[in-house]
S.K.: 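My questions all concern the structure below.
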Amino acid sequence: MLACAFVLFSCGLHEIIPLDAMTEEKMVSALQEALVLGSQTAAKNLGNSTCEMKECVTGYLGNKLVEIALPDTVKNVLYQMDHFSQKLEAAGFINALNAINRLGFNTSGLMSEYLGIFEKGFDKYADDIKTALNRGAEQAAPDAIGVFRDAIFGMSFGDAKGVLMGNSIAATSYLKTSTYAPLKVAFAPIIEEPLKLLNPNQYWQPLASRYNKFAKSYSNFQKQINSSSYLSSYSSALEDLPYGDLPEDLSNALATYATGKALDGLFLMVGRQESELRADPWGTVSSLGSFISDGVGNLLSDVFGKAKDGLL
């Protein structure tokens, strides 16, 4: 991304000049042009999902570097709730309920609540939510371009020199510090749109409500069993629940979570290309199939070489 930008490192300059002769104004102008083009490339690539041989190389969904995974709690609830039911049953939970019921203790309510929770098919809901999170991020990514541009053209000579003489992701760090807050504002409503259309609360809220009701009854039942010497032999069948209580409003929490992850992915991709460019300007540009003149290529190597050695 940034490598593509620095192909045109001399944009805005009317001639190729030795680094030592570059004025502060020209150095800042060159760096600004490079950062604008680089950040623009990164944002556009993340906004355009492309997959080759079943592996995605741009966009978010399916791209191993930036794909937004489900939050752990959501993933575990939707993918693994049925595994917990199997664990309970393997421990003898159902048999224990039936035995306790035969002893005169009414367990039908708890059994009914249990059966109402552990339905099959929640993995499909999980896949739909994950897709919505990533597609929202892809729709939002191009909106970063204008925000990046504003920050870059507000760069002073001191900022520019700090970027050039900084570490392998100094430019990325500068952009993150300067643009994270406005990008968060810009991304959030766009990422919310696919979630609104999907409305994950339509199937999450009933599940969470049923689970919370069962969890409360189960906890009370567990305490009753553990406190009774008459029933204590059944306590081993009562596995601890994975969650004490589940939040019932998932949509807002997911939008906030996805916005943060989308920005993390954006800055990760910019940083990776910046690191490669600093280490090997010619090789990085060539690997992208871009053309630069010898003068521009030598200038790139000279700038980053001297910056690395602290000679700027």
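Excluded from the calculations below are hydrogen atoms, water molecules and symmetry mates; all remaining heavy atoms, backbone and side chain alike, are included.
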S.K.: Is there a donor-acceptor contact under 3.5 Å from the side chain of Asn101 to the main chain of Thr107?
M.R.: yes

S.K.: Which pairs count as side-chain hydrogen bond (donor to acceptor under 3.5 Å, both in side chains) when at least one residue sits in residues 128-152, sequence neighbours excluded?
M.R.: Glu67-Lys130, Lys124-Asp128, Arg135-Glu138

S.K.: Under 4.5 Å between any side-chain heavy atoms of Val74 and Tyr125, yes or no?
M.R.: no

S.K.: With the side chain counted from C-beta on, respond yes when Asn98 and Met111 share a heavy-atom pair under 4.5 Å apart, and no when they do not.
M.R.: yes

S.K.: Are the side chains of Lys176 and Val270 in contact, using a 4.5 Å heavy-atom criterion?
M.R.: no

S.K.: Taking C-beta and beyond as the side chain, do Met269 and Asn45 meet within less than 4.5 Å on heavy atoms?
M.R.: no

S.K.: What is the minimum heavy-atom distance between Ala253 and Asp249, and which atoms define it?
M.R.: CB-O, 4.4 Å

S.K.: Report yes if the side chains of Leu198 and Tyr203 come closer than 4.5 Å at any heavy-atom pair, otherwise no.
M.R.: yes

S.K.: Can you check whether Ile68 reaches Asp264 side chain to side chain, under 4.5 Å on heavy atoms?
M.R.: no

S.K.: Which residues pass the ring-ring contact (aromatic ring centres under 6.0 Å, His included) test with Phe148, not counting sequence neighbours?
M.R.: Phe267

S.K.: So Trp204 and Ile129, do their side chains get closer than 4.5 Å, heavy atoms only?
M.R.: no

S.K.: A side-chain contact here means heavy atoms from C-beta on lying under 4.5 Å apart; do Asn63 and Val57 qualify?
M.R.: no

S.K.: Starting from the C-alpha separation in whole Å, work towards a yes-or-no answer on side chain to side chain contact (heavy atoms under 4.5 Å, CB included) for Asp159 and Val163.
M.R.: CA-CA 6 Å; Asp159 294 330; Val163 164; 5.6 Å; no

S.K.: Please find the pair of heavy atoms, one from Thr172 and one from Gly271, that lie closest to each other, and give the distance.
M.R.: OG1-CA, 3.2 Å

S.K.: Minimum heavy-atom separation for Ala132 to Leu195, with atom names?
M.R.: CB-CD2, 4.1 Å

S.K.: Which atoms form the tightest heavy-atom contact between Ala69 and Leu133, and what is the distance?
M.R.: O-CD1, 4.5 Å

